[in-house]
Structures are given as C-alpha cells and as structure tokens.
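Side chains included, hydrogens not; waters and symmetry mates left out as well; all remaining heavy atoms used. Everything numeric in this text was worked out from a predicted model, so none of it was measured.
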Amino acid sequence: KWTACQLPLELFQEIVKIGTFFGEIEWLHFFAVCTTCLVDTLPGALNLCCQILTHDPEGGPARIPLPLFKDLYTFLTNVTGNIDEQRTQKLFTYLEAEVAKQGGFLQPRNFTNKHCP
C-alpha cells in the first residue's frame with residue numbers, strides 16, 4: 001500500500017529502521033514514527049499526533065486520552081534514545097494533574113506550555 005500511495009520506498013525503510021519494526025507492526029507506533037519524519041522535535045511530533053488522532057472538530061483542542069499520549073511518548077523516547085526516566089516521571093505526574101481537570105483528555109497545550117517539565 002505504501003508504494004500504491006507513490007511514497008518513496010526508502011522513506012518506508014527508514015521508518016521501519018527507526019522504529020525497529022519486525023513482523024506485525026503496531027499501527028500507532030508506526031504512525032508516531034511517521035510524524036517524526038514531518039516535524040523536527042518530539043513536542044512537534046506529539047502535537048501532530050494529537051491533531052490527527054483527536055475526535056475533536058478541526059481547529060478544536062485536539063484532545064486525546066492520556067494513556068494514548070503516554071504510550072506514544074514512551075515509544076518515541078525509546079526509539080530516539082532520549083530516555084530520561086526522572087524527567088518522564090515528572091512529565092507524567094504533571095500531565096496527570098492537568099488531565100484530571102479535563103475529563104481524562106490531554107491536549108497539546110498541556111505539554112507545550114512553559115510550566116510543563
């Protein structure tokens with residue numbers, strides 16, 4: 001299907017290499033790695049994930065469930081090697097408090113504001 005969309009095979013191979021995908025590929029992890037090919041930063045990639053995966057209308061807050069965000073964040077930090085367990089725990093603790101006020105949903109402003117660790 002990749003080539004049917006006329007996308008370069010080299011790009012597909014690079015995404016598979018970055019994500020260390022073998023056998024069955026988890027779609028959301030593959031999708032997350034694809035976003036890193038479009039945006040240069042982890043927050044930018046996660047913002048794009050929110051924009052695409054949300055059920056909110058176009059131009060809305062782009063909310064996604066916190067567990068989904070945590071899964072994507074953890075996966076992307078593992079494949080990029082930017083793992084800092086202490087920072088990750090601080091981030092998740094901060095986001096859990098913010099999301100508790102928002103019905104369990106996270107939006108990009110929660111992880112892009114100046115107060116976010």
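Gln51 pairs by the side-chain hydrogen bond (donor to acceptor under 3.5 Å, both in side chains) definition with Asn47, not counting sequence neighbours.
Shown here for Cys37 and Leu11, the closest heavy-atom pair between the two residues is SG-CD1, 4.1 Å. Nearest approach of Pro108 to Ala62, heavy atoms of both residues: CD-O, 3.5 Å. A pairwise comparison of heavy atoms in Thr77 and Thr74 identifies OG1-O, 3.0 Å as the closest pair. Across all their heavy atoms, Gly19 and Val79 have their closest contact at CA-CG1, 4.1 Å.
No continuous path of hydrophobic side-chain contacts links Tyr73 to Phe105 [ILVMFWY only; heavy atoms under 4.5 Å]. There is no path of hydrophobic side-chain contacts, each under 4.5 Å, that joins Phe22 to Phe75.
Counted by atom type alone, Asn110 and Gln102 present one or more donor-acceptor pairs between their side chains at under 3.5 Å.
In this structure, the separation between CD1 on Ile18 and SG on Cys34 is 9.0 Å, given to the nearest 0.5 Å.
Between Glu96 and Lys70, at least one side-chain nitrogen of the basic residue sits less than 4.0 Å from a carboxylate oxygen of the acidic one, meeting the salt-bridge criterion.
Side-chain atoms of Phe111 and Leu46, non-hydrogen and from C-beta on, do get closer than 4.5 Å to each other. The shortest distance between side-chain heavy atoms of Leu66 and Phe92 does not fall below 4.5 Å.
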CA sep, side-chain torsions, deciding dist, call: Phe31, Leu53, side chain to side chain contact (heavy atoms under 4.5 Å, CB included): CA-CA 10 Å; Phe31 164 75; Leu53 296 174; 3.7 Å; yes

